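Numbers restart at 1 for each chain; the letters A, B, ... are given by sequence-line order, proteins then strands. Remember, it's a predicted structure, so these values are computed and weren't measured experimentally.
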Amino acid sequence: MFLDFISEVEGLIKAALDRCGYKVEEGVNNLGLDISPHADLASSVAFRLAPTLKKSPVQIAKEIHQAISGDYNYVDHVELTGPYLNFFMNRRFLNTVLEQALADNAWTGRLKEKVIVEHTSANPDGPLHVGHIRNSVIGDTLVRILRREGCTVDAEYYVNDMGRQEAMVVVGCDRFQLDGSKPDHAIAKVYIAANKAMETEPEIRTEADQVIQRYEAGDEETVAKIQSAVKYAIKGIEETLHRMNIRHDSYHWESEFVQSGDVAEIVGLLEKTGLTEWEEGAFQLDLSQHGFEKKMVLKRANGTSLYITRDLAYHRWKSENSDRSVDILGADHKLVSGQLRTALRLLGIREPEVVIFEFVSLPTGSMSTRKGKFISADELLDEVESRAYEEVSMRRPEEDEAFRRKVAKQVAAGAVRYDVVRVSADKATMFDWKQALDFEKLSAPFIQYSHARACSILRKGEGAKPFQADLLTGENEIALIKMIAQFDLVIDRAARELKPHHLATYARELAESFNLFYRYSPVLDAPPELRDARMALARAARNALRTTLETLGIDALETM
RNA sequence: GGGCGCGUGGCCUAGUCAGGAUAAGGCGGCAGCCUCCUAAGCUGUAGAUCGGGGGUUCGAAUCCCCCCGCGCCCGCCA
């Protein structure tokens with residue numbers, strides 16, 4: 001809805017500029033529009049015109065203001081405040097927002113593209129840890145945001161089954177026993193043990209190399225061993241992802257692209273660029289003309305393929321099977337993903353849009369699966385869930401065990417997701433138990449609670465019935481409607497910039513806005529007509545909160 | 001050493017891409033609000049040289065340059 005208001009204001013200003021004979025340079029937000037405490041939408045365009053027109057911004061703003069036509073749809077009036085043009089929404093706009101938020105098909109989005117989002121793709125050598133889930137949460141939230149925008153999205157997991165780490169898992173399985181614990185954790189134990197053993201038995205390295213070669217050559221016994229280990233680990237990883245409402249639509253294994261011949265084909269195509277050469281037995285691509293100092297190795301001296309070439313083949317497949325593809329990658333992949341994109345460009349293949357997130361570290365340093373130095377996502381979820389259980393038991397002692405367990409699970413999953421997604425991806429973070437276990441304002445439970453309160457009112461009142469939206473004139477009521485209106489703007493921005501944290505910020509603001517309404521505008525005790533109008537607003541807010549939470553992948557509890 | 005990213009009250013973060021009217025939240029501190037639709041809530045209060053220095057501009061947390069600090073990368077690993 002807010003996007004419609006912005007479009008109207010843009011039209012009014014452009015028409016007024018034409019009338020005055022003024023021109024602004026083309027560019028994003030060249031009209032200087034901004035949501036501001038002084039107006040629903042403010043324009044500082046007069047400042048931009050001042051240097052060329054050699055007039056004061058105040059004078060220019062005055063002229064534009066006089067030239068603005070009074071033909072409004074959603075605009076109520078335009079105020080001239082010094083050099084600023086302040087636009088205000090009319091009642092009709094507020095009422096339309098309410099009406100749309102009450103409709104079943106509210107917020108359907110404007111895009112239609114087919115998008116592939118690849119996220120998580122953690123090596124199947126152990127459980128997801130608190131660093132991996134930053135990838136999963138950002139990725140899954142983007143999947144949901146793009147779907148909300150109308151895109152058809154395929155969430156994909158790229159399985160690294162051909163790497164050295166998987167060979168080490170197989171070596172580990174040969175030497176040690178899987179102990180029957182959760183599959184991904186069991187795999188991690190033998191993987192860590194194999195790495196530890198390698199310190200005193202260097203021949204393990206050779207053993208792993210042989211596994212890689214045999215696997216690439218299609219040796220049956222090796223194929224069976226690797227694939228069963230990979231599937232076993234993935235089973236555990238999926239289970240963890242499901243606890244956080246994260247599901248992939250499809251899995252692609254690296255080996256697919258080697259077996260299909262795609263990798264060999266890609267290497268052949270790169271050879272035709274004339275930038276390749278054999279050096280010390282390995283086949284390499286020189287990207288120095290493109291700003292990369294190091295050559296990109298396409299084939300090892302022993303003939304086996306590398307992650308990067310397999311990844312090139314996968315990316316070609318993705319670009320052929322989508323309109324857009326998005327990769328979620330940790331900061332350690334910055335350089336490689338740059339090389340990958342350059343190589344794709346050389347081949348005329350559409351490049352992926354890459355979302356990089358910075359590292360999550362522990363107070364003791366960065367995490368490592370290989371060294372067994374990490375806090376697993378399961379550990380985190382268990383801990384948060386038990387804290388949530390205490391909390392709900394204290395608040396709702398009359399409810400039974402099943403209720404409290406269920407609420408604790410949903411609160412925990414939400415709390416973990418929110419704690420991750422609220423921070424901008426390009427900020428390195430330090431994992432903090434205190435913050436992860438805090439269920440107050442800057443958290444999912446705060447938003448879930450607002451939603452539950454709205455549901456509580458709706459449960460106690462009557463169902464939907466006619467109401468007079470014009471009665472909603474209180475400061476908090478209007479502020480809440482305006483906040484609901486911003487949903488489309490926020491989704492649009494988050495989808496365009498691929499920044500899910502904008503939605504997290506919005507969710508908090510929406511909940512805050514609802515809480516003020518809840519506190520200062522009694523619904524059930526209001527006089528009949530006002531009560532009906534406030535019921536409608538509570539319902540609209542419930543819908544907005546529910547949709548926001550769903551888009552964040554957080555369960556919208558009706559009671560908690 | 002080079003490349004990329006980050007630096008905002010005691011702590012954590014939004015705002016930076018697209019410069020604009022008093023720098024916005026949370027945690028922690030202090031002081032209040034449950035005969036009132038769930039207090040996982042609400043209100044008030046104290047607390048900020050927006051890492052430092054230069055520059056561009058009518059105007060800089062935001063753009064440019066230099067410096068400092070932190071993170072990540074610079075493998076025939078992934």
Side-chain angles (χ1 to χ4, degrees), chain A residues 27-30 32-34 36-39 42-44 46-48 50-51 56-57 81-84 86 121 123 125 160 162-166 254 279-284 291-295 297-302 304 306-308 310-311 330-336 338 356 358-359 361 366 388 391-392 394-396 411 415 422-430 432 434-435 438-450 452-461 497 499 501-502 504-505 508-509 511-512 515-516 518-526 534 538 559-560:
Chain A
V28 187
N29 198 22
N30 55 349
L33 294 177
D34 206 2
S36 119
H38 310 279
S43 169
S44 57
F47 285 106
R48 291 163 203 236
S56 79
T81 309
Y84 297 97
N86 289 330
S121 301
N123 293 333
D125 56 11
N160 299 319
M162 299 198 87
R164 168 162 280 114
Q165 85 297 123
E166 206 50 39
E254 287 183 292
E279 202 177 288
E280 291 173 33
F283 194 53
Q284 317 202 0
F292 295 98
E293 198 188 325
K294 299 277 162 137
K295 293 195 176 98
V297 177
L298 302 175
K299 222 189 281 181
R300 291 193 182 101
N302 69 12
T304 55
L306 282 124
Y307 174 82
I308 187 106
R310 302 189 291 256
D311 210 18
D332 52 340
H333 284 66
K334 263 186 249 187
L335 184 66
V336 207
I356 298 282
E358 293 291 328
F359 266 46
S361 56
S366 56
E391 193 81 5
V392 68
M394 200 170 70
R395 292 167 193 286
R396 305 295 295 275
V411 163
R422 52 177 256 265
V423 181
S424 156
D426 40 38
K427 219 100 164 187
T429 60
M430 180 83 84
D432 181 352
K434 183 175 172 293
Q435 226 158 53
D438 183 1
F439 297 151
E440 286 180 14
K441 206 165 189 175
L442 210 61
S443 72
F446 173 82
I447 303 152
Q448 291 172 310
Y449 187 66
S450 295
R453 282 172 138 188
C455 290
S456 171
I457 294 175
L458 296 177
R459 260 198 311 277
K460 290 180 176 153
E497 298 177 14
K499 290 185 189 262
H501 76 276
H502 291 316
T505 303
R508 194 208 78 230
E509 288 171 353
E512 262 172 352
N515 285 342
L516 291 178
Y518 183 92
R519 168 75 179 76
Y520 293 106
S521 300
V523 178
L524 301 175
D525 291 339
R534 285 180 176 170
T559 172
M560 63 187 275

Practice task
Answer with base, sugar-phosphate or nothing: what part of the nucleic acid does R534(A) contact at a heavy-atom distance below 4.0 Å?
Solution key: nothing
Handout entry: Stacking of F446(A) on G41(B) base (centres under 5.5 Å, planes under 30°)
Key = no
Fill in the blank from the handout: From the candidates C73(B), G41(B), C12(B), the one with an atom nearest any side-chain atom of R453(A) is G41(B)
Exercise for the section: With heavy atoms under 4.0 Å as the rule, sort E166(A) into base, sugar-phosphate or nothing. Expected result: nothing
Exercise for the section: Between C42(B), G20(B), C76(B), spot the one nearest the side chain of K441(A), thanks. Expected result: C42(B)
Problem - Sugar-phosphate, base or nothing in reach of V297(A), heavy atoms under 4.0 Å - result: sugar-phosphate
Practice task
Using only heavy-atom distances, decide whether a donor-acceptor pair under 3.5 angstrom links the side-chain of N86(A) to the base of A21(B).
Solution key: yes
Exercise for the section: Pick base, sugar-phosphate or nothing for T304(A), based on heavy-atom distances below 4.0 Å to the nucleic acid. Expected result: nothing
Practice task
Specify the closest pair of heavy atoms between A504(A) and R422(A), including all atoms of both residues, with the distance to one decimal.
Solution key: CB-CA, 3.7 Å
Problem - Nucleic acid footprint by protein, nucleotides 13-18 of chain B - heavy-atom cut-off 4.0 Å, B for base, S for sugar-phosphate alone - result: SSSSBB
Practice task
With the side chain of D332(A) defined as its heavy atoms from C-beta on, choose the nearest nucleotide among U22(B), C73(B), G28(B).
Solution key: C73(B)
Practice task
Identify the nucleotide, in any strand shown, that forms a Watson-Crick or G-U wobble pair with C4(B), with both distances under 3.5 Å; if there is none, say none.
Solution key: G71(B)
Exercise for the section: Give one of base, sugar-phosphate or nothing for L524(A), where a contact means two heavy atoms less than 4.0 Å apart. Expected result: base
Problem - Atom-to-atom span, NZ of K434(A) to P of G26(B) - whole angstrom - result: 14 Å
